[in-house]
A.B. asks: 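Before anything else, here's the structure in question.
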Amino acid sequence: IRAGGFEYSPGTLHIYSDSLLTLPAIIGIGGGGGLLLLVIIAVLIAYKRKSRDADRTLKRLQLQMDNLESRVALECKEAFAELQTDIHELTQELDGAGIPFLDYRTYAMRVLFPGIEDHPVLKEMEVRVSTPSTKLHTETN
C-alpha cells in the first residue's frame, strides 16, 4: 500500500467462496434425504399392501356373511312352509273331533297339582253350620 511517502505491506490476502457448505456436507445431506425418501416410499408401499389385504379380507367376510344369510333365509322359508303344512294337516285331523279341552276344575288340578289326584285343597269344604237357638224374651207390662 502506498500512501504519500509510505509503503506498507499488510501480508497475503486469502479470499474464500461465499458457500458455507463444503462438498462432503452437501453429499451427506443429499444421501440422508435420499435415504429418508426411500424409507417413506417403503412405508407407503407397505401401507398400501396392508390396506389392500384388509379390503380383500373384508370382501371375503362380507361374501361369507351374505352366503350364510341366504342359507338361513332359505332354511327359514323351508321351515315355515313345513310348519304351514303341519298346521294344515292338524286342522284337517281336528275338523271331525274338535279341539279337546278339559273342564276348569280338572285343568286347574293338573296344572297346579300335577300327579296328585286327591288333593285336600280341591275337596269340597265341609262346614257345619250351627244355629244357636235364640229365645226371645218378651216382657209384658
Side-chain angles (χ1 to χ4, degrees), residues 1-140:
I1 296 178
R2 284 188 192 174
F6 296 107
E7 195 172 308
Y8 178 73
S9 172
T12 57
L13 182 63
H14 298 284
I15 300 175
Y16 295 103
S17 68
D18 290 342
S19 175
L20 296 176
L21 299 175
T22 61
L23 184 62
I26 293 173
I27 292 173
I29 290 173
L35 184 63
L36 181 64
L37 185 64
L38 288 175
V39 167
I40 290 173
I41 290 173
V43 167
L44 287 176
I45 290 172
Y47 175 76
K48 181 76 172 175
R49 184 173 292 155
K50 287 281 191 182
S51 176
R52 191 178 311 130
D53 289 345
D55 287 344
R56 199 175 303 132
T57 303
L58 180 65
K59 286 179 183 178
R60 184 174 41 86
L61 288 175
Q62 186 68 34
L63 183 63
Q64 287 177 351
M65 240 164 67
D66 290 344
N67 288 338
L68 182 64
E69 183 179 331
S70 65
R71 278 188 267 147
V72 167
L74 181 64
E75 190 172 326
C76 286
K77 285 179 187 177
E78 289 173 359
F80 182 72
E82 184 178 328
L83 181 63
Q84 290 291 63
T85 304
D86 290 346
I87 288 176
H88 183 64
E89 290 173 1
L90 179 65
T91 55
Q92 284 179 350
E93 290 175 8
L94 292 178
D95 281 343
I99 298 175
F101 65 94
L102 300 172
D103 64 296
Y104 180 73
R105 183 182 178 93
T106 308
Y107 172 75
M109 185 178 69
R110 287 187 182 176
V111 170
L112 296 175
F113 310 108
I116 301 174
E117 293 296 323
D118 190 28
H119 197 279
V121 172
L122 296 174
K123 290 185 179 179
E124 292 292 328
M125 292 185 68
E126 297 175 12
V127 178
R128 285 184 279 166
V129 178
S130 62
T131 57
S133 56
T134 57
K135 296 181 183 177
L136 295 174
H137 297 282
T138 57
E139 290 181 22
T140 55

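Numbers here are sequence positions counted from 1.
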A.B. asks: Would you call Arg52-Asp55 a salt bridge at under 4.0 Å N-O?
C.D. replies: no
A.B. asks: Quick one: does Ser51's side chain have a donor or acceptor within less than 3.5 Å of a partner on Tyr47's backbone?
C.D. replies: no
A.B. asks: For salt bridge (Lys or Arg N to Asp or Glu O under 4.0 Å), just list the numbers for Arg56 and Asp53, CA-CA rounded to whole Å, side-chain angles, deciding distance to a tenth of an Å, and then say yes or no.
C.D. replies: CA-CA 5 Å; Arg56 199 175 303 132; Asp53 289 345; 3.2 Å; yes
A.B. asks: Rounded at 0.5 Å granularity, tell me how far CG in Asn67 sits from CG in Leu63.
C.D. replies: 5.0 Å
A.B. asks: I need the Gln64 CD to Gln62 CD distance, nearest 0.5 Å.
C.D. replies: 10.5 Å
A.B. asks: I need the Lys50 NZ to Thr57 OG1 distance, nearest 0.5 Å.
C.D. replies: 10.0 Å
A.B. asks: Considering only heavy atoms from C-beta outward, does the side chain of Val72 approach that of Glu69 to under 4.5 Å?
C.D. replies: no
A.B. asks: Mind checking the CD1-CD1 spacing from Ile40 to Ile45? Nearest 0.5 Å is all I need.
C.D. replies: 12.5 Å
